[in-house]
Amino acid sequence: MTLRTDYCGRLGVDDVDRRVTVCGWVASRREHSEHLAFVDLRDHTGVVQCVVDHAHDLRSEYVLRITGSVRRRPEGTVNPNIPTGEIELHDCDVEVLSTAEPPPFPVTDRTDADETIRLKYRYVDLRRPRMQRNLRLRAKVNSAIRRSFEDQGFVEVETPLLMVSTPEGSRDFVVPSRLKQGSFYALPQSPQLFKQLLMVGGTDRYYQIARLARDEDLRADRQLEFTQLDAEASFVDQDDVLEFVSESVAAATEAVTGERPALPMATMTWEDAAERFGSDKPDTRFGMELVELTPVFAGTEARAFQAPCIKGILVEGEGDIGRNRLDTLTDLAKQFGAKGLAWFRVRDAELEGQLTKFLSDDEQTKLREAVGARPGDLILAVADERRLVRTVLGRLRLELGRPPVYEGGLNYIWVVDFPLFEGVDDAGRPIPAHHPFTMPHPDDLEKMESDPLSVRSQAYDLVVNGWELGSGSVRIHRADIQQRVFSLLGIDPEEAQARFGFLLDAFRYGAPPHAGFAFGIDRLVAILAGEDNIREVIAFPKTQSGADPLTGAPAPIDQKQLDELGLRVLPPKS
RNA sequence: GGUCCUGUGGUGCAGUUUGGAGUGCACGCCGGCCUGUCAAGCCGGAGGUCGCGGGUUCAAAUCCCGUCAGGACCGCCA
């Protein structure tokens, strides 16, 4: 026996003449006189209007239980703006279950209060329809993902929350051990090593909706703790992984939007993404692609263009851009590492810009043709090392043309054939682009030692609207290849044993070929919910400085707790 | 670690450029009136450490320095 018979927002004309009981919060009170008042009662399904004859003591956000009779509203008083606008509850018995202080901010979707206050009073904020919608949308996504993986034969396995700290990757959140003072657990940045162990353990197909933590600085799309769909499968290749992940993402999308994305999802090589979009997470919702200009200026007199690589982008209709804006863009380009930014305002017969006097007529004509410029357009170009040119222009492209992340549909795209290494460190050693267990591309194995930077890997990212949703790879399961990668990275056998010994040991006992993936559920849900910030789809998120205004975390702990852990806190640096 | 933006009754904002009385708008709150509203309406009222500290000045919400908090971004996030 529950306190209610119905939910507010679900009542309609079909319920006319029923005597119903609803529970909820006072969304608004419109008091006409001592003997006529309207109370809108809100629960997570919506609001329903209750005609109450004495409402003076029913204030905003009071928690009420109202029993009343459903009737059609009198002629001329129907409210077409709300789903329950055709009916109302009359002849109401009102029970005050709980009184309430006036809320710190309006509990509506119409205005947004300051986020600190919203987070401090998150329990009030969550009453807003938008937040309830986001929570429920997220639950739908989780459930669709689970169903999809279950249907594809994956088994859910939980992995430890307290694990050993490994030096790779992001900074670990660390938990002191009381039983072994001076030793620490780490919260998982990823279940990576455990899921590979599960493959060695014969699990065949594993998935998990995993909570993870990384002690790095926050962003609109990054929290200290976050949620990922994590999956791994044995005896599969890259295409299999793309297929089962695509299937689950499609199922989640369909559960929310009602529309199933076309499968298979588009793929693009990393090289293509870098060349055309200057990014490994290309936003393909708009054009403004990077145009190769190196041949155009092969023999140029212009010093600024005497560089290994020149690329440009066409900004349509911005030929009248002001000097201020150009200076801002130039500053941005420099911030991204460029030496400068070349710009050309496209006029009818000529180009206007700081470099035109150094360019031949032929070069100017070819430049216009190469980018497809028309009078009134703007051309931006960067000359430098290829890698730098790509990223600088890629970022300028986003700065100039990128719509909000949730606009223009869902552009899922797989980026494949990532390089195995993304440059070299100070000691000249290659830096792994993914992680050191990533399988090189079979066609490139020959080049591993001779030209490591050109070796592709069997690593792949899923990107949507310029957001990296997730990444994965085929893993190395052969000791000889693993050994070659380690030695390229300068990790000798002893060190490898010290760092990943338990995984390498496991592989000695029969490792199946395996591959996997993980994608961020916070990001997926945010985009599906039309939010550009993942905090809006997390019930209790943290601020950019990692604080929770509601609970006060992080906070100092008692001396007694420190003593038990054998810890001493240093005085703050001055 | 860095760059930029923001901080003004409970909420959202204007006022800061060009210093001159806490000056204004909307919502909310309290009281009153009001029998068909729906962000009800009308009348009245209360409510302020202009984030905090210091400086300049006859005078600071406004200018300067520092600091705290929030946000966007760079670095960082294999």
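When reading the values below, keep in mind they use all heavy atoms of this one structure, side chains included, and skip hydrogens, waters and symmetry mates. Below, chains carry the letters A, B, ... as their sequence lines are ordered, and counting in each starts from 1.
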Rounded distance in Å between the [atom1] positions of [N] and [M]:
| N | M | atom1 | result |
| --- | --- | --- | --- |
| B:rG41 | B:rG15 | P | 27 Å |
| B:rA60 | B:rC76 | C1' | 40 Å |
| B:rG7 | B:rU16 | C1' | 13 Å |
| B:rG48 | B:rG31 | C1' | 22 Å |

Complementary nucleotide of B:rU16, counting Watson-Crick and G-U pairs under 3.5 Å
none
Between [options], which nucleotide gets closest to the side-chain atoms of [X]?
| X | options | answer |
| --- | --- | --- |
| A:Q49 | B:rC77, B:rG36, B:rA39 | B:rG36 |
| A:H32 | B:rC74, B:rC29, B:rA40 | B:rA40 |
| A:A547 | B:rA72, B:rC77, B:rG70 | B:rG70 |
| A:A113 | B:rG71, B:rU11, B:rU37 | B:rU11 |

Report, one pair per line, the protein and nucleotides 13-16 of chain B atoms (nitrogen or oxygen only) whose separation is under 3.5 Å.
none

For A:D114, check salt bridge (charged side-chain N to carboxylate O under 4.0 Å, His left out) against everything at least two apart and list the hits.
none
Donor-acceptor pair under 3.5 Å: do we get one between A:D217's side chain and the base of B:rG75?
yes
Can you say whether a donor on the side chain of A:R214 sits under 3.5 Å from an acceptor on the base of B:rC76, or the other way round?
no
For A:P106, the side-chain contact (heavy atoms from CB on, under 4.5 Å) test, sequence neighbours excluded, returns A:T108, A:T111
Closest-nucleotide mapping onto RNA chain B: is A:D221 or A:R59 further toward the 5' terminus? I mean the 5' end.
A:R59
Nearest atoms (heavy-atom pairs only) where A:F226 meets A:Q189
CZ-O, 4.1 Å
